[in-house]
Amino acid sequence: MRTAHRIANLPPYLFAEIDRKKAEKVAQGVDVISLGIGDPDTPTPEHIVNALCSAAHNPANHQYPSYVGAPRYREACAEWMDRRFRVAVDPGSEVLAMIGSKEGIAHLFTAFVDPGDYTLVPGVGYPVYHTGGIMAGGLTHWMPMNAGNGWLADFSSTPADVLRRAKMMFLSYPNNPSSAIADDDYFDRAIEFARANDLLLIHDNAYSEIGFDGYRPPSFLQRPGAKDVAIELFSCSKAYNMTGWRVAFAAGNPQAIKALGTVKSNIDSGVFTAVQDAAIEALTGPQDSIKALCDLYQRRRDLVMSALPSAGLAAEMPKGTIYVWAKVPEGHSSAGFASELLDKVGVIVAPGNAYGPDGEGYIRISLTTPDDRLEEAIERIKSL
Ligand SMILES: Cc1ncc(COP(=O)(O)O)c(C=O)c1O
């Protein structure tokens, strides 16, 4: 049996690899604390779970779902965009249901990238922006990102020969893993750049609801002209603690929405309609869980930030997301420091280089661990 080259070319999926190492340690009897994956530790709000329970009893929901999302789901997404951001999108042609945003990101490559085409990918970002390209036979151009440029991916330095063969560009703010946020001026320049170079710009807004100190992340589609060149991805995963439910949506440019929908209709058969009904409840029901979640992560952020200096680590104060992006002590690499933490004190963190070349020298600490375990992990890191 011979697998395709695209499999051989894929790096191991970061969190699958971390899970494997964790299982090894646990089997050796180590009490491992994971600050690795960003997976909310608190449950989905009760009213959303109840909505799923009653929707699951509706026999109409037991049949194949709509490929693009039930009309009532797409309308709820459009209403939410209007209420939350004052952004108007047409639910019929400018909204598409996704089985989590990971699925949409991966399939965008099938819709837009031919072998040899480039995608402009942030120097640190969600790994699928890069691996999705490998699977489509495409190439990645890493846009430089560092503390010096505020972790705002530098698209302007992209060489002309890359741009001639580039089809898509990913941005994502609030940013995973750096937690950086972007201002309107940066977004406006990105829109002009995408327009000038005929690129589809994808703004991945996975952390749209997670902001601190009064900061509420904006929508990219609020910027003038954004819909001419861009789609934006929203997910129920982090906003409503629904990572396991696999429900998200894309909104924006109708040509791109149609292209992604065409690919998806040939690959998957949509999101279970009862899950879409639960997502409607999430988007249209009470929103107080979001404030409670932001308060929880803000408290944990403060806990981690106050302890980092005594652990020899430094980080910028995050304004959003569920991560602290910390510089490792002098003389350590990301992977080396992460391995040392697991081997010596049983704490898992994500090595920064796994998010792209500009992550070398950093680790990502996830705030999705109960306070007592988080405190214990910090004490262990300090003891190193
Ligand atoms: C930036 C970013 N995009 C997309 C995803 C995938 O989210 P979903 O659960 O919607 O597939 C994640 C998950 O961590 C993420 O951090």
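Order of appearance sets the numbers: ligands from 1, and atoms from 1 within every ligand.
Of the protein's non-hydrogen atoms, the one nearest atom 3 (N) of ligand 1 is Asp204 OD2, 2.5 Å. Considering only non-hydrogen protein atoms, atom 12 (C) of ligand 1 sits nearest to Tyr126 CE1, 3.4 Å. For atom 9 (O) of ligand 1, the nearest non-hydrogen atom of the protein is Ser237 OG, 2.6 Å. For atom 13 (C) of ligand 1, the closest non-hydrogen atom of the protein is Lys238 NZ, 3.1 Å. Of all protein heavy atoms, the one closest to atom 16 (O) of ligand 1 is Tyr207 OH, 2.6 Å.
Ion pairing of Lys382 with Glu379 is present here, as a side-chain N (NZ or NE/NH1/NH2) and a carboxylate O approach within less than 4.0 Å. Salt bridge annotation for Arg299-Asp371: present, with a cationic side-chain nitrogen under 4.0 angstrom from a carboxylate oxygen. Salt bridge annotation for Lys291-Asp295: present, with a cationic side-chain nitrogen under 4.0 angstrom from a carboxylate oxygen. Electrostatic pairing of Lys227 and Asp90 does not count as a salt bridge here, judged by no charged N lying under 4.0 Å from a carboxylate O.
Within the listing of ligand 1, atoms 1 (C) sit less than 4.0 angstrom from a heavy atom of Tyr129. Remark: ligand 1 atoms within the under-4.0 Å shell around heavy atoms of Gly100 are 10 (O), 11 (O).
Of all the heavy atoms of Ser101, the ones lying under 4.0 Å from any atom of ligand 1 are found in both the backbone and the side chain. When heavy-atom distances to ligand 1 are checked against a 4.0 Å cut-off, Arg246 comes that close only through its side chain, counted from C-beta outward. Counting heavy atoms under 4.0 Å from ligand 1, residue Phe234 does not touch it at all.
When the heavy-atom distances from atom 10 (O) of ligand 1 to Ser235, Ala239, Pro122, Gly104 are ranked, the shortest goes to Ser235.
Ring geometry for Tyr323 against Tyr207 counts as perpendicular: the plane angle is over 60°, on a 0 to 90° scale with 30° as the lower cut. Between Trp325 and Tyr362, the angle of the ring planes stays under 30°, which puts this pair in the parallel group of the 30/60° scheme. The aromatic rings of Tyr186 and Phe155 are tilted relative to each other, their planes meeting at an angle between 30° and 60°.
Proximity of Glu103 to ligand 1 is not established, as no heavy-atom distance is less than 4.0 Å.
In this structure, Trp80 has its ring center under 6.0 Å from that of Phe234.
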